[in-house]
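Take a look at the structure set out below.
No hydrogens, no waters, no symmetry mates; every other heavy atom, side chains included, goes into these values. Proteins get letters first, then strands, A, B, ... in listed order; numbering begins at 1 in each. Here the structure is a predicted model, which is why all the values come from computation and not from measurement.
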2 protein chains.
Amino acid sequence: MARQERAIRTRRTILEAAAAVFDERGYTSATIGEILQRAGVTKGALYFHFGSKEELALGVFEEQLAISLPPQASKLQELVDSGLVLARRLREEPLVRASVGLALDQGALGLDRTPAFRMWIDQTARTLAEAKARGELLPHVEETETAELLVASFSGVQLLSQLRCQREDLERRVVVLFDHLLPGIAVPAVLARLDISAERAGRILAESRLEAVAG
Amino acid sequence: MARQERAIRTRRTILEAAAAVFDERGYTSATIGEILQRAGVTKGALYFHFGSKEELALGVFEEQLAISLPPQASKLQELVDSGLVLARRLREEPLVRASVGLALDQGALGLDRTPAFRMWIDQTARTLAEAKARGELLPHVEETETAELLVASFSGVQLLSQLRCQREDLERRVVVLFDHLLPGIAVPAVLARLDISAERAGRILAESRLEAVAG
């Protein structure tokens, strides 16, 4: 295994361990010692990748967004896909769950939680700006404002879904969110062609994993 | 002062004290003893109104919704008004802030937080059902689904606003929420007549307080 590949794997192992410990114990109670033990790496290896507990949290935040999905006919379809896929990953991947948990953890003392939202909002705003450039958006739409609303609404929807049924119905709720929000931002011709369905999440995610393997 | 009026005032004093203690210490750490001390009432008075810490939390939840606003030309305008007024009260009233804080407090051990959402969702769904009966909604709208989405999105929007600027921009963000959601549910003739502006919150709240005094 090449050195670079090994470093990437070690980084991922550390992030997964950190995510699990943050998820179980909360950010405030989690210690670097516990994360080292869980990851089975040396202190030197951890500090090579991450300088502090806060940097570990930032790494967990970033990992949530580090996925590339197959391109679609419209940028709004790509926006829908990224929401549906995030819903699915929240149910399946502890690291993604920990990332959202951290961003919403009001008891996370000393942790600046704004980067988690900022990264996610920036990514959403970039997709909306591309959609706008292609004429997919209604003329009044302001991409940062809409991106902030989408990220906030998604966060609230996942909170309610978590409270009600441990996120079992999250994809369905995200479909309801897009069904309500998109008529307010999409031009009719694009809106009519969007595929917004809970089943789509699994399909898109499988495609993106195949691509990553073939990559 | 009549006995009933005194009881209502005592109940309110206790709820305000409970809200303040929940807000400052978190639900799990808060004790009945602290709430008694803050309220300046006897143990007997408190237990006359509330049987347990959980019942106090329920009382705080209910208080958030216990406000009647002036009737408007459309039920959707009343829905908008209740959202704008809640945003304003969240900034101004510690009791309302504590109520929402409790509902979103993932660390509130032993507290069933679903009633907080259920009461709020039920109230929203009732308003939407009335709007539907009057022909204000697009035919596909299902009132419970939309009510759940509205409550979840509002919760997420207030979380982001709290994180960013201690809710200073909350009314503006709630305006953005309604601007995006209403085109997906309102018939055009009603949509065109809605007044969705941040300034409206203070005006409606002042009117409702005048009415309560004139009672």
What part of [X] gets within 4.5 angstrom of chain B, counting heavy atoms only: side chain, backbone, both, or neither?
| X | result |
| --- | --- |
| A:Glu142 | neither |
| A:Leu159 | side chain |
| A:Ser161 | neither |
| A:Ile185 | side chain |
| A:Leu182 | neither |

**Item:** Nearest-0.5 Å distance that lies between atom NE2 in B:His180 and atom CD in A:Glu145
**Value:** 6.0 Å

**Message:** Nearest 0.5 Å, please: how far is CG in A:Leu160 from OG1 in B:Thr114?
**Reply:**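 Going from the OG1 atom of B:Thr114 to the CG atom of A:Leu160 covers 10.0 Å.
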
**Asked** B:Val151, B:Asp179, B:Thr146: which one forms the most heavy-atom pairs within less than 4.5 Å of chain A?
**Response** B:Thr146

**Request:** Among the options B:Ala152, B:Ala103, B:Gly184, pick out the one with the most heavy-atom pairs lying under 4.5 Å from chain A.
**Result:** B:Ala152

Check whether more than 12 heavy atoms from other residues, nucleotides or ligands sit under 6.0 Å from atom [atom1] of [X], and answer yes or no.
| X | atom1 | answer |
| --- | --- | --- |
| B:Glu168 | CD | no |
| A:Arg193 | CZ | no |
| B:Glu55 | CD | yes |

**Message:** Show the nearest heavy-atom pair for residues A:Leu149 and B:Val176, with the distance to one decimal.
**Reply:**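 Reported closest heavy-atom pair: CD2-O, 3.9 Å.
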
**Message:** At a heavy-atom distance under 4.5 Å, which candidate from A:Ser153, A:Ser155, A:Pro183 has the highest pair count against chain B?
**Reply:** A:Ser153

